[in-house]
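Only one structure is covered here, and it is reproduced in the block below.
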Amino acid sequence: MRVLIVEDDERLAEIFRDFIGELGYQPTVVGSAEAALEALASARPDTILLDIRLPGMSGVEFLSLPSVRDSEVPVVVVSGVATEVEARACLQLGALDFIRKPVTLERLSQVLAYLKPFALARQQQAEQRPVERRPAPRATVKLGVRITASKGAMDGTCIELSSTGMKVRVSQRVRPGQAVKLEFTPPDGGPPINVIALVVRVDPQGAAFWFLDLLPHESARLNALADRLQH
């Protein structure tokens with residue numbers, strides 16, 4: 001996973017870079033939002049660690065730019081001096097999380113671990129992974145789904161379910177190729193399922209999601225459920 005660190009404090013930037021490198025990720029450090037814009041186009045980061053008090057363009061202004069928002073790269077904001085108003089503005093502009101300094105390395109590790117599946121899904125989509133072929137039975141069902149994308153969460157209603165994916169009526173716009181996290185509880189009395197999925201199709205009836213990291217026992221569970229619901 002490629003991590004773009006936007007931090008003008010050279011000492012702190014070095015700490016972030018070394019720690020992120022030790023975790024096995026690929027860090028790139030820039031000292032301004034202007035340099036971050038160039039890196040967003042050239043380095044193609046999978047996530048951005050952004051300080052909002054920067055020389056020149058502020059982090060809030062950076063988040064407001066259409067090119068940043070359209071990139072859908074997850075942004076985690078860090079600051080030790082930001083006001084509550086600034087923190088809320090960052091989240092409203094699409095920042096995935098806001099962390100106050102001093103940032104503990106444990107907290108940073110947790111955030112990056114959460115973002116890793118989204119990065120892998122984006123890479124798979126970029127490699128033009130084949131579209132869903134519906135190899136498993138699909139059943140009509142109605143259940144609530146929590147959808148977490150790189151820019152926030154939304155609620156939806158599943159209307160079709162199989163062991164490979166689901167079709168969901170969504171409350172906000174999603175686009176094909178977008179990676180999301182789905183959380184839902186199948187109507188079989190079993191535990192909830194959390195899975196990273198790719199949006200493979202959007203039509204007037206809803207969005208079709210393809211599961212990317214469903215565990216084998218979860219796939220078997222959904223396959224049995226879909227087969228039972230069909231009969």
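- Atom CD of Glu7 and atom NZ of Lys101 lie 3.5 Å apart (nearest 0.5 Å).
- Between the CZ atom of Phe98 and the CD atom of Glu84 there is a distance of 7.5 Å, given to the nearest 0.5 Å.
- Considering all non-hydrogen atoms of both residues, Ser162 and Phe211 come closest at O-CE1, 3.6 Å.
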Run the numbers on Leu182 and Ile147 for side chain to side chain contact (heavy atoms under 4.5 Å, CB included), then give the verdict. CA-CA 5 Å; Leu182 303 177; Ile147 305 165; 3.8 Å; yes

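- At least one side-chain heavy atom of Leu63 sits under 4.5 Å from a side-chain heavy atom of Leu50.
- Inter-residue side-chain proximity for Leu54 and Ser32 is flagged as unmet; no heavy-atom pair is nearer than 4.5 Å.
- Counting all heavy atoms, side chain and backbone alike, Pro27 lies closest to Ile5 at CB-CD1, 3.9 Å.
- For the pair Ser163 and Leu214, the tightest heavy-atom approach, listed with the atom from each and the gap, is O-CD2, 3.4 Å.
- Here Arg100 does not pair with Glu86 in a salt bridge; the nearest charged N to carboxylate O distance is not below 4.0 Å.
- Contact between Pro191 and Pro186 at its shortest, heavy atoms only, is O-CD, 4.0 Å.
- By the 4.5 Å heavy-atom criterion applied to side chains, Thr148 and Glu183 are counted as neighbours.
- Val6 has its side chain out of reach of Phe62: every pair of non-hydrogen atoms, C-beta onward, lies at least 4.5 Å apart.
- Taken from CG in Leu49 to CG in Asp97, the straight-line distance is 10.5 Å, to the nearest 0.5 Å.
- The shortest non-hydrogen separation linking Pro187 to Leu143 is CD-CD2, 3.6 Å.
- Atom OG1 of Thr164 and atom CG of Leu222 lie 9.5 Å apart (nearest 0.5 Å).
- Here the CH2 atom belonging to Trp210 is positioned 15.5 Å from the CE atom belonging to Met166, to the nearest 0.5 angstrom.
- Judged by distance alone, the side chain of Arg169 and the main-chain N or O of Ile159 form no donor-acceptor pair under 3.5 Å.
- Within the 4.5 Å cutoff, no side-chain heavy atoms of Leu93 are placed close to those of Val68.
- Atom CD of residue Glu160 and atom NZ of residue Lys142 lie 14.0 Å apart, to the nearest 0.5 angstrom.
- Not a single salt bridge (Lys or Arg N to Asp or Glu O under 4.0 Å) links Glu10 to another residue, sequence neighbours left out.
- Side-chain contact between Arg88 and Leu91 is absent, with no heavy-atom pair separated by less than 4.5 Å.
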Derivation and outcome, side chain to side chain contact (heavy atoms under 4.5 Å, CB included), residues Phe209 and Leu198: CA-CA 5 Å; Phe209 295 90; Leu198 200 65; over 6 Å; no

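- Proximity of Leu108 to Val78: side-chain heavy atoms (C-beta onward) are nowhere separated by under 4.5 Å.
- You'll find the side chain of Glu61 stays beyond 4.5 Å of the side chain of Leu65, heavy atoms only.
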Residue pair Leu112, Leu23: steps toward the side chain to side chain contact (heavy atoms under 4.5 Å, CB included) verdict: CA-CA 9 Å; Leu112 293 175; Leu23 290 174; 4.1 Å; yes

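- For the pair Val29 and Ala13, the tightest heavy-atom approach, listed with the atom from each and the gap, is CG1-CB, 3.7 Å.
- With sequence neighbours left out, Asp155 forms a salt bridge (Lys or Arg N to Asp or Glu O under 4.0 Å) with Arg146.
- In terms of hydrophobic clustering, with Ile, Leu, Val, Met, Phe, Trp and Tyr side chains grouped at heavy-atom distances under 4.5 Å, Leu12 and Leu105 are assigned to a common cluster.
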